[in-house]
Q: 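Structure below; questions to follow.
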Amino acid sequence: QVQLVESGGGLVQPGGSLRLSCVVSGTFFSVSTTGWYRQGPGKERELVATITTGGTTNYADSVKDRFTISRDNAKNTVYLQMNSLKPEDTAVYYCNADIRRDSNSDYAFYWGQGTQVTVSS
């Protein structure tokens with residue numbers, strides 16, 4: 001069974017910073033692209049950032065130059081450093097990973113349970 005567990009969310013003032021972590025655990029063969037998505041109140045889930053195993057990153061325009069995604073392949077962990085946070089960044093943040101369960105299976109998307117980030121004074 002594969003699990004993605006996020007941590008690091010919370011309440012922060014505008015202009016503040018948070019660091020989210022997501023650990024991939026369980027039995028699997030390999031982890032490909034990982035990423036962070038978010039869903040704000042009354043909004044659709046949207047891409048925040050992704051990172052490949054080789055370290056190539058992709059960001060939503062709304063978070064470029066403020067958020068940084070990184071990963072530690074040895075620890076099966078992906079991070080999201082969020083700086084200069086704005087009220088509009090308030091959302092539930094979800095970790096996502098493209099995982100291959102074994103050498104005979106295809107890659108499939110897995111999701112974490114989400115962690116709440118609230119930006120408010």
Side-chain angles (χ1 to χ4, degrees):
Q1 185 178 359
V2 177
Q3 280 190 311
L4 277 65
V5 180
E6 302 105 332
S7 61
L11 173 64
V12 64
Q13 292 187 339
S17 298
L18 282 175
R19 189 193 195 206
L20 306 183
S21 300
C22 172
V23 179
V24 181
S25 64
T27 303
F28 51 89
F29 182 72
S30 64
V31 180
S32 181
T33 299
T34 57
W36 291 92
Y37 291 71
R38 67 185 181 187
Q39 187 165 14
K43 297 181 180 179
E44 304 257 329
R45 189 174 297 192
E46 63 176 1
L47 169 73
V48 176
T50 61
I51 184 168
T52 67
T53 50
T56 299
T57 57
N58 178 54
Y59 295 93
D61 288 343
S62 59
V63 306
K64 278 180 182 176
D65 300 324
R66 297 189 299 123
F67 291 9
T68 302
I69 189 171
S70 61
R71 63 189 282 173
D72 184 333
N73 292 328
K75 295 181 179 179
N76 294 314
T77 302
V78 60
Y79 305 96
L80 185 68
Q81 177 66 43
M82 305 185 294
N83 298 328
S84 302
L85 282 160
K86 304 175 181 180
E88 51 262 45
D89 294 318
T90 294
V92 178
Y93 283 70
Y94 297 91
C95 177
N96 165 275
D98 205 5
I99 296 172
R100 200 174 176 191
R101 292 287 302 273
D102 56 62
S103 60
N104 295 317
S105 66
D106 293 328
Y107 280 98
F109 284 125
Y110 288 80
W111 293 91
Q113 81 287 352
T115 185
Q116 177 70 46
V117 172
T118 302
V119 185
S120 175
S121 54

Q: Any donor-acceptor pair under 3.5 Å linking the side chain of Thr90 with the backbone of Val119?
A: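 Yes; judged by distance alone, with no hydrogens or angles, the pair exists.
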Q: Give me the atom names and distance for the closest heavy-atom approach of Pro14 to Ser121.
A: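 Shortest heavy-atom separation between Pro14 and Ser121 comes out as CD-N, 3.7 Å.
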Q: Got a donor-acceptor contact below 3.5 angstrom from the Arg100 side chain to the Phe29 backbone?
A: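 Side chain of Arg100 to backbone of Phe29, a donor-acceptor pair under 3.5 Å: no, none is there.
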Q: Would a single hydrophobic cluster contain both Val63 and Val12, if residues Ile, Leu, Val, Met, Phe, Trp and Tyr are joined by side-chain heavy-atom contacts under 4.5 Å?
A: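 Yes, Val12 connects to Val63 through the hydrophobic network.
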Q: What closest approach, in Å, do Ser21 and Trp36 show between heavy atoms, and which atom pair accounts for it?
A: O-CH2, 3.6 Å
Q: Search all heavy atoms of Gly9 against all heavy atoms of Val117 and return the closest pair with its distance.
A: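 Closest approach of Gly9 to Val117, heavy atoms only: CA-CG2, 4.2 Å.
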Q: Between Val92 and Leu20, is there shared hydrophobic-cluster membership here, with clusters defined by ILVMFWY side-chain heavy atoms closer than 4.5 Å?
A: no
Q: Rounded to the nearest 0.5 Å, what separation is found between the CZ atom of Phe28 and the OH atom of Tyr110?
A: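 Going from CZ on Phe28 over to OH on Tyr110, the span is 10.5 Å.
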Q: Working to the nearest 0.5 angstrom, can you tell me the gap between Leu47 CG and Asp61 CG?
A: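 Reported to 0.5 Å precision, the distance equals 10.5 Å.
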Q: Working to the nearest 0.5 angstrom, can you tell me the gap between Leu85 CG and Ser120 OG?
A: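 Here the rounded value is 12.0 Å.
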Q: Where does the angle between the aromatic ring planes of Tyr37 and Trp111 fall among parallel (under 30°), tilted (30 to 60°) and perpendicular (over 60°)?
A: perpendicular
Q: Are more than 12 heavy atoms from other residues, nucleotides or ligands located less than 6.0 Å from atom CG of Asp65?
A: no
Q: Working to the nearest 0.5 Å, report the span between OG1 of Thr57 and CZ of Arg71.
A: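 If we round to the nearest 0.5 Å, Thr57:OG1 and Arg71:CZ are 12.0 Å apart.
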Q: Measuring from Tyr79:OH to Ile51:CD1, what's the distance to the nearest 0.5 Å?
A: 11.5 Å
Q: Run through Ile99, Thr50, Val78 and flag the one making a side-chain contact (heavy atoms from CB on, under 4.5 Å) with Thr34.
A: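 Output: one option passes, namely Val78.
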Q: Checking Tyr93 against Arg38 for the side-chain hydrogen bond (donor to acceptor under 3.5 Å, both in side chains) test, could you report, in this order, the C-alpha distance in whole Å, the side-chain angles of both residues, the deciding distance, and whether it holds?
A: CA-CA 4 Å; Tyr93 283 70; Arg38 67 185 181 187; 2.9 Å; yes
Q: Supply the members, apart from Val5, of the Ile/Leu/Val/Met/Phe/Trp/Tyr cluster built from side-chain contacts under 4.5 Å; use none for a lone residue.
A: none
Q: Taking atom types as modelled and ignoring hydrogens, do the side chains of Tyr107 and Ser30 form a donor-acceptor contact shorter than 3.5 angstrom?
A: yes
Q: Please check this pair: side chain of Gln81 against backbone of Thr68, looking for a donor-acceptor N/O pair closer than 3.5 Å.
A: no
Q: Nearest 0.5 Å please: distance from the NZ atom of Lys64 over to the CG atom of Asn58.
A: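 Answer for the NZ-CG pair, Lys64 versus Asn58, is 7.0 Å.
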Q: Identify, with sequence neighbours excluded, every residue that meets side chain to side chain donor-acceptor pair (under 3.5 Å) alongside Ser105.
A: none
Q: Hey, is the main chain of Glu6 close enough, under 3.5 Å, to the side chain of Tyr94 for a donor-acceptor pair?
A: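 No, because the side chain of Tyr94 does not come within donor-acceptor range (under 3.5 Å) of the backbone of Glu6.
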Q: Starting from the C-alpha separation in whole Å, work towards a yes-or-no answer on side chain to side chain contact (heavy atoms under 4.5 Å, CB included) for Thr53 and Val31.
A: CA-CA 8 Å; Thr53 50; Val31 180; 5.8 Å; no
Q: Salt bridge check: are Lys86 and Asp89 linked by an N-O gap of less than 4.0 Å?
A: no
Q: For Gln116 and Thr118, work out which heavy atoms get closest and say how close.
A: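 Nearest pair, atom of Gln116 first, then Thr118: NE2-OG1, 3.3 Å.
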Q: So which heavy atom on Gly35 is nearest to which on Ile69, and how close?
A: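 Heavy-atom minimum between the residues: CA-CD1, 4.0 Å.
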